[in-house]
S.K.: 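Sharing a structure with you now.
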Amino acid sequence: MRILAIGDVVGNIGCRFLRQRLPALKKLKGVDLVIANGENSADGNGVTPISADFLFSSGVDVITTGNHSFRRREIYPYYDDAPYILRPANFPEKTTPGNGTLIYDMGRVQVCVINLMGCVFLENLKDPYETIDEILKKNTAKITILDFHAEATAEKLAMGYYLDGRISAMFGTHTHVQTADECIFENGMGYITDVGMTGPIKSVLGVKPELAIKKQREKLPVRFETADGDCKMDCILFQIDDKSGKTINIERIEIR
């Protein structure tokens, strides 16, 4: 089983670049399942039904999100209606639209995809360790993949060690900068701290540099705009054994 995870897709420009490059990459690498973080896929932040549908029609099988999951109110009903889009599982269950986990039936094997959010420097959500323990108690899928949307690299790495041997693979999102620490842990879990970003190269995490500089220097509110120009698509490819559920190969990819 070859599972491709794509870093945070930023704006319409990132969506269009993904559509241009993903089909060829899937064919070249023999990809079985594509997971993309789409929480910034709409221009101006957040995800909308339009941007989510665009990603699905471009070849993405599962969309994960994060702290911008509910930035756009029009997406709220979509989380309940569309089966393959996730919000972080540690949002309050009783008051939050959508789900934090799903089972993707591949025929020969089922894949459990989990979306979880860190708490260090982010919102004060339910403890991610407690949340993932509760999910894994009920999980019967042979292959389990986690998108851990978190700010602190230490929080991501600690979660990686915590889950080694309990899930197939974990990839981090949110910081939009691809890390060079992809590895297979001792007990067979594939890992990368942050898979990176899909969007404009000449940018500050997808934002026009001059606007990011203005915000940091002047400290006043600034309306961010997505940058333009040449793009990249950051990914991580996990090859997972169907029988053991362990990662047997991992490849970090950057498409320009």
Side-chain angles (χ1 to χ4, degrees), residues 5-22 35-48 50-52 54-55 58 60 63-75 87-88 91 115-125 128 147-157 171-182 192-236 252-256:
I6 300 176
D8 303 50
V9 183
V10 179
N12 188 42
I13 189 171
C15 289
R16 294 199 308 269
F17 188 76
L18 179 146
R19 174 167 283 190
Q20 293 170 3
R21 298 305 178 90
L22 181 56
I35 305 168
N37 189 288
E39 70 149 11
N40 287 295
S41 55
D43 284 335
N45 227 329
V47 56
T48 65
I50 291 174
S51 68
F54 191 94
L55 291 176
S58 300
V60 172
I63 296 174
T64 53
T65 56
N67 58 304
H68 296 306
S69 300
F70 303 107
R71 181 75 55 157
R72 310 288 281 269
R73 293 198 66 86
E74 60 265 43
I75 197 65
R87 46 81 174 166
F91 272 96
N115 196 181
L116 200 62
M117 200 163 106
C119 293
V120 178
F121 308 128
L122 286 173
E123 295 181 51
N124 186 25
L125 299 179
D147 175 354
F148 190 34
H149 195 82
E151 179 78 30
T153 54
E155 187 179 21
K156 295 178 185 179
L157 191 55
F171 62 97
T173 56
H174 178 65
T175 58
H176 291 211
V177 177
Q178 189 181 71
T179 54
D181 62 342
E182 73 279 6
I192 187 168
T193 297
D194 199 287
V195 67
M197 181 191 82
T198 300
I201 297 168
K202 187 179 179 180
S203 70
V204 178
L205 312 185
V207 173
K208 290 181 178 180
E210 62 270 22
L211 297 179
I213 293 168
K214 181 178 177 67
K215 169 64 176 175
Q216 292 178 24
R217 293 197 67 193
E218 299 179 7
K219 315 302 181 186
L220 297 175
V222 175
R223 183 181 293 277
F224 284 162
E225 297 176 14
T226 306
D228 52 19
D230 294 338
C231 290
K232 65 172 181 173
M233 184 171 73
D234 292 334
C235 322
I236 190 83
R252 178 166 49 94
I253 302 170
E254 182 185 80
I255 303 293
R256 295 196 178 211

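In this chain, residues are counted from 1 in sequence order.
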S.K.: Which residue in the set Asn37, Val177, Val10 passes side chain to side chain contact (heavy atoms under 4.5 Å, CB included) when paired with Met197?
M.R.: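 Passing option: Val10.
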S.K.: Do you know which two heavy atoms are closest between Thr48 and Ala42, and how far apart they sit?
M.R.: CG2-CB, 3.7 Å
S.K.: Is Asp230 paired with Arg256 through a side-chain N to carboxylate O contact shorter than 4.0 Å?
M.R.: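 Here Arg256 does not pair with Asp230 in a salt bridge, since their nearest N and O are not under 4.0 Å apart.
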S.K.: I'd like to check Val9 versus Val60 (side-chain heavy atoms, cut-off strictly below 4.5 Å). Are they in contact?
M.R.: no
S.K.: Measure the spacing between SG of Cys235 and CD1 of Ile192 and express it to the nearest 0.5 Å.
M.R.: 10.0 Å
S.K.: Taking the side chain from Thr179 and the backbone from Asp194, do they hold a donor-acceptor pair closer than 3.5 Å?
M.R.: yes
S.K.: Measure the spacing between CZ of Phe224 and CG of Asp43 and express it to the nearest 0.5 Å.
M.R.: 15.0 Å
S.K.: Gln178 side chain to Ile253 main-chain N or O, any donor-acceptor pair under 3.5 Å?
M.R.: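 Yes.
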S.K.: Is the closest side-chain heavy-atom distance between Asn115 and Pro88 below 4.5 Å?
M.R.: yes
S.K.: Provide the closest heavy-atom pair for Val47 versus Ser41 in the form atom of the first, atom of the second, distance.
M.R.: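 For Val47 versus Ser41, the nearest heavy atoms are CG2-OG, 3.5 Å.
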S.K.: Take Ile50 and Arg72 through the test side chain to side chain contact (heavy atoms under 4.5 Å, CB included) and record every step on the way to the result.
M.R.: CA-CA 11 Å; Ile50 291 174; Arg72 310 288 281 269; over 6 Å; no
S.K.: Write down the atom of Pro200, the atom of Ile13, and the distance for their closest heavy-atom approach.
M.R.: CD-CG2, 3.8 Å
S.K.: Is any side-chain heavy atom of Glu155 less than 4.5 Å from a side-chain heavy atom of Cys119?
M.R.: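 With C-beta onward as the side chain, the pair touches.
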S.K.: Among Leu205, Thr65, Asp8, which residue satisfies the side chain to side chain contact (heavy atoms under 4.5 Å, CB included) criterion with Asn40?
M.R.: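 Considering Leu205, Thr65, Asp8, a side chain to side chain contact (heavy atoms under 4.5 Å, CB included) with Asn40 is found only for Asp8.
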S.K.: Provide the closest heavy-atom pair for Cys15 versus Leu55 in the form atom of the first, atom of the second, distance.
M.R.: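 Shortest heavy-atom contact: SG-CD2, 3.9 Å.
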S.K.: Whether Lys208 and Glu210 form a salt bridge (side-chain N of Lys/Arg under 4.0 Å from carboxylate O of Asp/Glu) is what I want to check.
M.R.: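 Answer for the salt bridge query: no.
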S.K.: Output the distance between atom CZ (Phe70) and atom CD1 (Ile75), rounded to the nearest 0.5 Å.
M.R.: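 CD1 of Ile75 is found 9.5 Å from CZ of Phe70.
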S.K.: Hey, is the main chain of Asp234 close enough, under 3.5 Å, to the side chain of Arg252 for a donor-acceptor pair?
M.R.: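 No, Arg252 side chain to Asp234 backbone: no donor-acceptor pair under 3.5 Å.
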S.K.: Could you tell me if the side chain of Ile6 sits less than 4.5 Å from the side chain of Leu18, heavy atoms only?
M.R.: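 The answer is yes; the side chains approach within 4.5 Å.
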S.K.: Quick one: pull up CG in Leu220 and NZ in Lys215 and give me the separation to the nearest 0.5 Å.
M.R.: 7.5 Å
S.K.: Donor-acceptor pair, Glu151 side chain versus Leu122 backbone, under 3.5 Å?
M.R.: no
S.K.: Taking all heavy atoms of His149 and all of Thr173, pick out the closest pair and write down the distance.
M.R.: ND1-OG1, 2.7 Å
S.K.: Look up atom OG in Ser203 and atom CD1 in Ile201, then write down how far apart they are to the nearest 0.5 Å.
M.R.: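 If we round to the nearest 0.5 Å, Ser203:OG and Ile201:CD1 are 8.5 Å apart.
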S.K.: Is the backbone of Gly66 close enough, under 3.5 Å, to the side chain of Glu39 for a donor and an acceptor to pair up by distance?
M.R.: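 Answer holds: yes.
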S.K.: Is it true that a side-chain atom of Lys232 and a backbone atom of Glu254 form a donor plus acceptor pair closer than 3.5 Å?
M.R.: no
S.K.: Taking all heavy atoms of Arg19 and all of Ser58, pick out the closest pair and write down the distance.
M.R.: NE-OG, 2.8 Å
S.K.: Could you state the interatomic distance from SG (Cys231) to CD1 (Ile255), rounded to the nearest 0.5 Å?
M.R.: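 With rounding to 0.5 Å, SG (Cys231) is 13.0 Å from CD1 (Ile255).
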